[in-house]
Amino acid sequence: MTIQEFQTVCSQLEQEYTAKIAAAADLNAVEELRVAALGRKGALTELLKNLKDFSIEDKKTAGPLGNALKAALTAALEDKTAALSAAALNEELNRVHLDLTLPGRPLARGKRHPLSIAQKRMTDILSSLGFTWAEGPWVEDERHNFDMLNIPLHHPARDAQDTFFAQTGSPLSMVLRTHTSNVQSRFMEKHQPPLRIMAPGRVFRNDSLDATHSPVFHQIEGLYVDENVSMADLKRDLSAFMKGLLGDKTEIRFRPSFFPFTEPSAEVDVKCVFCGGKGCNVCKGSGWIEMLGSGIVHPNVLKNCGINPEKYSGYAFGMGVERLAMMLVNINDIRTFYENDLRILKQF
Ligand code: PHE
């Protein structure tokens with residue numbers, strides 16, 4: 001091949017491939033053309049094989065010509081690729097009709113369980129009254145659940161608690177705590193008065209499940225110990241607590257009762273919030289709803305915890321969360337709280 005022929009073939013190849021590239025219908029066709037023109041066995045490689053037979057002078061002419069051809073074809077391939085990609089994107093956008101004004105998909109939001117709602121309402125009010133949060137273990141030794149609370153081994157109240165016993169391998173006899181009052185003994189053995197705590201939590205009793213009983217339920221304990229604490233303090237604070245929970249007009253009354261760990265003891269009722277005291281099916285005609293147990297901390301309990309009952313006195317109360325939650329959210333079967341039916345949970 002002469003250098004003139006080389007020049008002719010160069011411009012022929014440029015014309016031929018530029019035209020073919022311009023006419024390519026899709027990206028596959030462009031790729032085939034790239035291989036045919038610039039690939040290892042392509043037209044350019046074939047042409048450049050002639051270089052080795054050229055004189056030095058001719059090589060100086062032919063080399064740049066080959067480079068220019070390669071650059072021209074590479075540019076044409078890139079331009080065509082870009083044009084085809086843009087066209088494909090345009091076509092896609094026309095086809096799917098994106099409506100950028102549509103609102104986004106909402107995030108699924110969780111909700112508080114009705115028992116948590118009730119418990120939070122109670123702890124919010126108690127903390128505004130100066131009570132701080134305290135907790136105790138669910139699996140408890142009998143000493144903290146019973147003995148220190150003045151419920152000795154053969155006390156009939158111990159049977160009345162329908163206790164679940166736990167096999168733990170501990171040398172102590174362990175139970176699932178039957179009330180949050182274990183937090184009283186736990187807290188007082190570690191802290192001297194003045195102290196004011198609330199202890200919300202899960203408790204366990206060997207009851208069968210029905211509309212009003214559950215073997216697992218929740219209580220909130222309140223405990224206030226200082227100098228000169230009396231029934232008057234208890235009544236003032238419980239009255240404020242119940243008004244905060246159920247409204248400013250709420251009335252409470254004390255009924256004499258018995259708990260081994262309080263003396264005197266009182267059951268606290270609220271005037272029925274559904275009928276205003278006239279009597280309805282919620283209060284079973286009595287006009288009052290039983291809300292909690294309470295009393296003045298028994299001197300033996302203080303003594304058992306290392307607090308001097310000559311110097312200090314205190315009040316305590318314990319209240320079921322489920323019972324209050326049933327009133328607050330108008331649920332009349334305690335089992336509803338544990339079934340976690342989403343159709344119900346979504347309503348709160
Ligand atoms: N622990 C008692 C119960 O579970 C409630 C209570 C607590 C009563 C504190 C008096 C004082 O029934």
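Predicted, not measured: the structure shown is a model, and the values here were computed from it. Order of appearance sets the numbers: ligands from 1, and atoms from 1 within every ligand. FYI, side chains are in, hydrogens and waters are out, and symmetry mates aren't considered; it's all heavy atoms of this structure.
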Open item on the list: Can you tell me which portion of R205 lies within the under-4.0 Å heavy-atom range of ligand 1? Options are side chain, backbone, both, or neither.
Closed with: side chain
TODO: For this output row, return yes or no: ring centroids of F131 and Y224 closer than 6.0 angstrom.
DONE: no
TODO: Would you mind running through ligand 1 and noting each atom that sits below 4.0 Å from a heavy atom of A316?
DONE: 9 (C), 11 (C)
Open item on the list: Once you measure the plane-to-plane angle for H113 and F337, does it fall in the parallel (<30°), tilted (30-60°) or perpendicular (>60°) bin?
Closed with: tilted
TODO: Quick one: look at S294 and ligand 1, take heavy-atom pairs under 4.0 Å, and tell me if it's side chain, backbone, both or neither.
DONE: backbone
Open item on the list: When you measure from the heavy atoms of M319 to every atom of ligand 1, does any distance fall below 4.0 Å?
Closed with: no
Task: Which atom of H298 lies closest to which atom of P260, heavy atoms considered - done: CD2-O, 3.7 Å
TODO: Using distance alone, determine whether H179 and ligand 1 share an N or O pair under 3.5 Å.
DONE: yes
Open item on the list: Please list, in number order, the atoms of ligand 1 under 4.0 Å from a heavy atom of S181.
Closed with: 1 (N), 7 (C)
- [ ] Would you mind running through ligand 1 and noting each atom that sits below 4.0 Å from a heavy atom of Q219?
- [x] 3 (C), 4 (O)
Open item on the list: At under 4.0 Å between heavy atoms, is it the side chain or the backbone of F317 that contacts ligand 1, or both, or neither?
Closed with: backbone
Open item on the list: Any donor-acceptor pair under 3.5 Å linking the side-chain atoms of E140 with those of N145?
Closed with: no
Open item on the list: Side chains of D162 and N206: any donor to acceptor distance under 3.5 Å?
Closed with: no
Task: With H179, the ring-ring contact (aromatic ring centres under 6.0 Å, His included) member among F204, F261, W138 - done: F261
TODO: Any atoms of ligand 1 less than 4.0 Å from a non-hydrogen atom of Q184? List them with their elements.
DONE: 9 (C)
Open item on the list: Checking side-chain polar atoms at under 3.5 Å, does D237 have a donor or acceptor matched by the opposite partner on Y315?
Closed with: yes
